[in-house]
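Below is one structure, written out as structure tokens, with a few remarks after it.
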Amino acid sequence: MRVLLPFLLVAFAIAANAAVIDYIRAPSRFWTPSEKYNVTTVSPSLDTTEVAVNCSSTISQATLTANETFIHLQGTSADSNEACFAATVTSRPGSLIRANTKRTTRIRDADNLLHRGKVCDLTIPDWSQIIYKNRQVDLVIPLANATIHCDASNDSKPAPTKTTTTPPKPTTTTTTRTTTTYRPTTTTTRYHPTTTTHRTTTTTSRKPTPTSDPDDGGDWVNGKVTFFTPNQGACGDWNDDSDMIVALGPAWYGNMNAVSKYCGSRVQVTGPRGNSITVTVKDACPPCDSGHLDLSPAAFEKLGDFDTGILKVKWRFL
């Protein structure tokens, strides 16, 4: 027995050493994942989820103009679109911009359709630009694929009112004429053969009374003027604040979606200070009544102060 004991101890040591080596080579015997274990936490998938976000912004105190290629938008950002530039965003299909303009905006889209209002929504596919909150922005936006919608119901311009004029009392006169042009006073002398004296009859013309018929232009019309921000007018031309232009209401302009026969006509306007200006018809003013003219800022400031907003005037076609 004492002879066999050393051999048994050696055999046990060899077996124990082999077992340790076996455990080291097979670590799964020490730990195996439970059924609830999520293997993705050990070996995450390389697949990513596509996140597409449209960039939305609101611009206040905006000025919105356009030419044949681009839309030019200036103003103050009311919010930020930084979220659409987050690291998790993989694509930006386009931008949605609401422009709250300082004055009524008239702007034409790529199809030459006129849009008018003080709140304009722009949808621009495949275009985006980061905008931070409460910053001055100056954006140049491609016109070609942009969709424009302006809400004319938010126009703060005073509602049209009926203009009533009272003809002045005539001076001494023998005839009354209402014509499209001013005619000189004529003097007719009649000789009586029975005497050596003669009688003179003087004929004077009364000041023309206003008319609502566009074909009777030339007479003075008592009305009012407001002002707007020009861009591309209904007549098709591009203008800015410094141009001496006027927009006519439907009674004079006619079809708002066509070029009026009065486009290019000149209009003389006399303001409350007594001074007169001459402006050219370049646009239409849908809410203006027959006596109401909408002037460019350059024309309005020659007649009165911007703070008044509305001026009483008289005007006529030249």
Side-chain angles (χ1 to χ4, degrees), residues 58-67 71-78 98-108 114-120 136-138 150-163 220-235 237-253 265-318:
T58 300
I59 308 300
S60 301
Q61 296 296 306
T63 299
L64 189 64
T65 58
N67 57 25
I71 300 171
H72 191 196
L73 174 59
Q74 295 176 302
T76 304
S77 57
R98 167 161 290 188
N100 297 315
T101 59
K102 294 182 288 186
R103 302 189 184 100
T104 299
T105 292
R106 293 180 178 86
I107 185 171
R108 290 185 182 271
L114 180 64
H115 304 270
R116 184 181 188 280
K118 295 192 71 174
V119 178
C120 294
Q136 293 295 316
V137 298
D138 190 343
C150 295
D151 187 358
S153 65
N154 286 283
D155 193 347
S156 61
K157 185 174 292 184
T161 56
K162 183 177 181 180
T163 302
W220 288 100
V221 176
N222 292 323
K224 63 184 178 182
V225 294
T226 52
F227 61 92
F228 71 103
T229 301
N231 42 55
Q232 186 180 22
C235 294
D237 298 325
W238 293 89
N239 298 102
D240 55 35
D241 291 359
S242 62
D243 293 325
M244 297 288 288
I245 65 170
V246 61
L248 300 179
W252 293 95
Y253 189 90
S265 298
R266 295 189 306 151
V267 179
Q268 181 183 359
V269 185
T270 300
R273 299 171 181 170
N275 62 313
S276 296
I277 62 171
T278 300
V279 290
T280 304
V281 177
K282 291 292 184 179
D283 206 349
C285 175
C288 292
D289 60 29
S290 61
H292 182 180
L293 301 180
D294 214 7
L295 300 177
S296 62
F300 188 92
E301 69 177 351
K302 291 182 180 298
L303 300 177
D305 298 327
F306 288 114
D307 292 341
T308 61
I310 302 175
L311 299 174
K312 292 183 178 181
V313 300
K314 65 177 182 178
W315 59 271
R316 64 169 180 165
F317 287 100
L318 296 177

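Positions are given from 1 along the sequence. Excluded from the calculations below are hydrogen atoms, water molecules and symmetry mates; all remaining heavy atoms, backbone and side chain alike, are included.
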Closest contact, heavy atoms only, [X] versus [Y]:
X: Cys235; Y: Asp283; result: SG-N, 3.9 Å
X: Lys314; Y: Asn222; result: CB-OD1, 3.6 Å
X: Ala62; Y: Ala99; result: CB-CB, 4.1 Å
X: Ala247; Y: Phe228; result: CB-CE2, 4.1 Å

Can you sort out the partners of Arg108 under salt bridge (Lys or Arg N to Asp or Glu O under 4.0 Å), two or more places apart, ordered by chain and number?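 Residues passing salt bridge (Lys or Arg N to Asp or Glu O under 4.0 Å) with Arg108: none at all.
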For Asp237, check salt bridge (Lys or Arg N to Asp or Glu O under 4.0 Å) against everything at least two apart and list the hits. Lys282
With the side chain counted from C-beta on, respond yes when [X] and [Y] share a heavy-atom pair under 4.5 Å apart, and no when they do not.
X: Ile59; Y: Leu73; result: yes
X: Val246; Y: Thr280; result: no
X: Val279; Y: Ile245; result: no
X: Gln232; Y: Ile107; result: no

Distance check, rounded to the nearest 0.5 Å: [X] atom [atom1] versus [Y] atom [atom2]?
X: Tyr253; Y: Leu248; atom1: OH; atom2: CG; result: 8.5 Å
X: Asn239; Y: Ser296; atom1: CG; atom2: OG; result: 8.0 Å
X: Thr270; Y: Trp315; atom1: OG1; atom2: CH2; result: 12.5 Å
X: Arg116; Y: Asp151; atom1: CZ; atom2: CG; result: 12.0 Å
X: Lys118; Y: Leu64; atom1: NZ; atom2: CG; result: 13.5 Å

Let me check something: any side-chain donor-acceptor pairs from residues 301-308 under 3.5 Å, sequence neighbours excluded? List them with distances.
residue: Asp305; atom: OD1; partner: Arg273; partner atom: NH2; Å: 3.4
residue: Thr308; atom: OG1; partner: Asp305; partner atom: O; Å: 2.6

Using side chain to side chain donor-acceptor pair (under 3.5 Å) as the criterion, list what pairs up with [X], not counting sequence neighbours.
X: Thr101; result: Thr105
X: Asp241; result: none
X: Ser242; result: Asp240
X: Gln268; result: Arg316

Sequence neighbours excluded, the answer for side chain to side chain contact (heavy atoms under 4.5 Å, CB included) partners of Gln61 is Lys102
Which residues satisfy the side chain to side chain contact (heavy atoms under 4.5 Å, CB included) test with Ser60, sequence neighbours excluded?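 If we apply the side chain to side chain contact (heavy atoms under 4.5 Å, CB included) test to Ser60, skipping adjacent residues, the hits are Ala78, Asn100.
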Start with the C-alpha distance between Val267 and Val281, add both sets of side-chain angles, then the distance that settles side-chain contact (heavy atoms from CB on, under 4.5 Å), and finish with yes or no. CA-CA 7 Å; Val267 179; Val281 177; 4.0 Å; yes
Under 3.5 Å, is there a donor-acceptor pair linking the side chains of Asp294 and Thr226? yes
So, Thr104 side chain and Gly117 main chain: donor-acceptor pair closer than 3.5 Å or not? no
With no hydrogens and no angle check, is any side-chain donor or acceptor of Trp252 less than 3.5 Å from a backbone partner on Ser290? yes
